[in-house]
Peer 1: 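Can you read through this structure? Questions will come right after.
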Amino acid sequence: MLKAQESGQSSVKVSENQKYAHDVYARVLEIDNAFKTLNMSLEYLGKEKFDDSEFELSEHYAFHAENFLLRLTSVVDRCHLFAGTTVLLDKKRMERLGGNRYILDHMHENFPQTAEILEKLNNSVSQLRTSRNKVAHQEGFSTKNLIVIQAMESKEGDFLSEVSKVMEPEDIITLVREEISSDFKPVVKMQSLVSNLIDNLAPIYQQLGSNT
């Protein structure tokens, strides 16, 4: 395909096993890209300050937390698509509403070990689904401690001085970071489950890729 592109050809014939290998590899890349985005969000959520930014610290935390939550379930969705693509399920059915259930039902019936891994992936993010759905419905991300930071940043009244009598502002910021980090730990568990999924399906896509 690369040779064809270099020679200026607009199209190229590929074998079925080449197309299959491309589709499976593309699904793995989709999962990898989703993880990179999640880890990037976690990296920003670990920062103590954002130099040269016109936005408040609380706004950065809320933005990256929302981004993390919205993309979290995309890893699970892409894992289902990877599994379905590996066993040659119908692409249109996989990608429309109810596609995950279609894939999972097939796996339960034909590949129970794979189905078990997919179920574990679903369970690993279940505790964050409520927060994710709130963000998806425009409610935004917030916690009690994050609201305290926002109030301190407003510089209205004597709120900052009153808060300082109870806890140092820096300690509250640290508390917010630790709170978010603790809540978002499922991504760590997901990474090992995704590796298990890819390894579990390896005999199938390796065989099909060589025999198709």
Peer 1: For the residue pair Val125 and Met190, what are the closest heavy atoms and their distance?
Peer 2: CG1-SD, 3.3 Å
Peer 1: Evaluate the criterion side-chain contact (heavy atoms from CB on, under 4.5 Å) for residue pair Lys36 and Met40; output intermediate values, then yes/no.
Peer 2: CA-CA 6 Å; Lys36 285 180 180 177; Met40 188 180 298; 5.8 Å; no
Peer 1: Which pair of non-hydrogen atoms, one from Ala34 and one from Val75, has the smallest distance, and what is that distance?
Peer 2: CB-CG2, 3.6 Å
Peer 1: Do the rings of Phe50 and Tyr61 sit parallel, tilted or perpendicular, given the 30° and 60° boundaries?
Peer 2: perpendicular
Peer 1: Can you check whether Tyr44 reaches His60 side chain to side chain, under 4.5 Å on heavy atoms?
Peer 2: no
Peer 1: Quick check: closest heavy atoms across Arg27 and Thr85, and the distance to 0.1 Å?
Peer 2: NE-OG1, 3.0 Å
Peer 1: Identify the two heavy atoms, one from Ala83 and one from Leu118, that lie closest to each other, and give their separation to 0.1 Å.
Peer 2: CB-CD1, 4.3 Å
Peer 1: Is there a donor-acceptor pair under 3.5 Å between the side chain of Tyr102 and the backbone N or O of Leu97?
Peer 2: no
Peer 1: Could you check whether atom CG of Asp51 has more than 12 heavy atoms from other residues, nucleotides or ligands sitting under 6.0 Å from it?
Peer 2: yes
Peer 1: For Tyr25, is the OH atom crowded, meaning more than 12 foreign heavy atoms sit under 6.0 Å from it?
Peer 2: no
Peer 1: To the nearest 0.5 Å, tell me how far Asn67 CG sits from Leu38 CG.
Peer 2: 8.0 Å
Peer 1: Side chain of Ser74, backbone of Leu70: donor and acceptor closer than 3.5 Å?
Peer 2: no
Peer 1: Can you tell me if CD on Glu119 sees more than 12 non-hydrogen neighbours from other groups inside 6.0 Å?
Peer 2: yes
Peer 1: Checking the side chain of Asn33 only, and the main-chain atoms of Leu29 only, is there a donor and an acceptor separated by less than 3.5 Å?
Peer 2: yes
Peer 1: First locate atom OH of Tyr205, then atom CG of Asp23, and finally report the distance between them rounded to the nearest 0.5 Å.
Peer 2: 14.5 Å
Peer 1: Atom NE2 in His80, atom CG in Leu197: separation rounded to 0.5 Å?
Peer 2: 9.0 Å
Peer 1: Tell me whether Leu175 shares a hydrophobic cluster with Leu57, the cluster being built from Ile, Leu, Val, Met, Phe, Trp, Tyr side chains joined at under 4.5 Å.
Peer 2: no
Peer 1: Roughly how far apart are Ile117 CD1 and Ser124 OG, rounded to 0.5 Å?
Peer 2: 12.0 Å
Peer 1: I'd like to check Met107 versus Val87 (side-chain heavy atoms, cut-off strictly below 4.5 Å). Are they in contact?
Peer 2: yes
Peer 1: Could you check whether Arg101 pairs with Asp105 (Lys NZ or Arg NE/NH1/NH2 to Asp/Glu carboxylate O, under 4.0 Å)?
Peer 2: yes
Peer 1: Which atom names give the shortest non-hydrogen contact between Val194 and Cys79, and what distance separates them?
Peer 2: CG2-SG, 3.5 Å
Peer 1: Any chance you could measure Arg71, atom CZ, to Arg78, atom CZ, to the nearest 0.5 Å?
Peer 2: 7.5 Å
Peer 1: Please tell me whether Leu42 and Phe63 are part of a single hydrophobic cluster in this structure, the criterion being side-chain heavy atoms less than 4.5 Å apart.
Peer 2: no
Peer 1: Taking atom CG of Leu89 and atom CG of Leu81, what is their separation to the nearest 0.5 Å?
Peer 2: 10.0 Å
Peer 1: Tell me which one of Asn200, Asn196, Thr86 satisfies side chain to side chain donor-acceptor pair (under 3.5 Å) with Thr114.
Peer 2: Asn200
Peer 1: Does Phe111 have more than 12 heavy atoms from other residues, nucleotides or ligands lying within 6.0 Å of its CZ?
Peer 2: yes
Peer 1: Which atom pair, heavy atoms only, marks the closest approach of Phe82 to Val28?
Peer 2: CE1-CG2, 3.6 Å
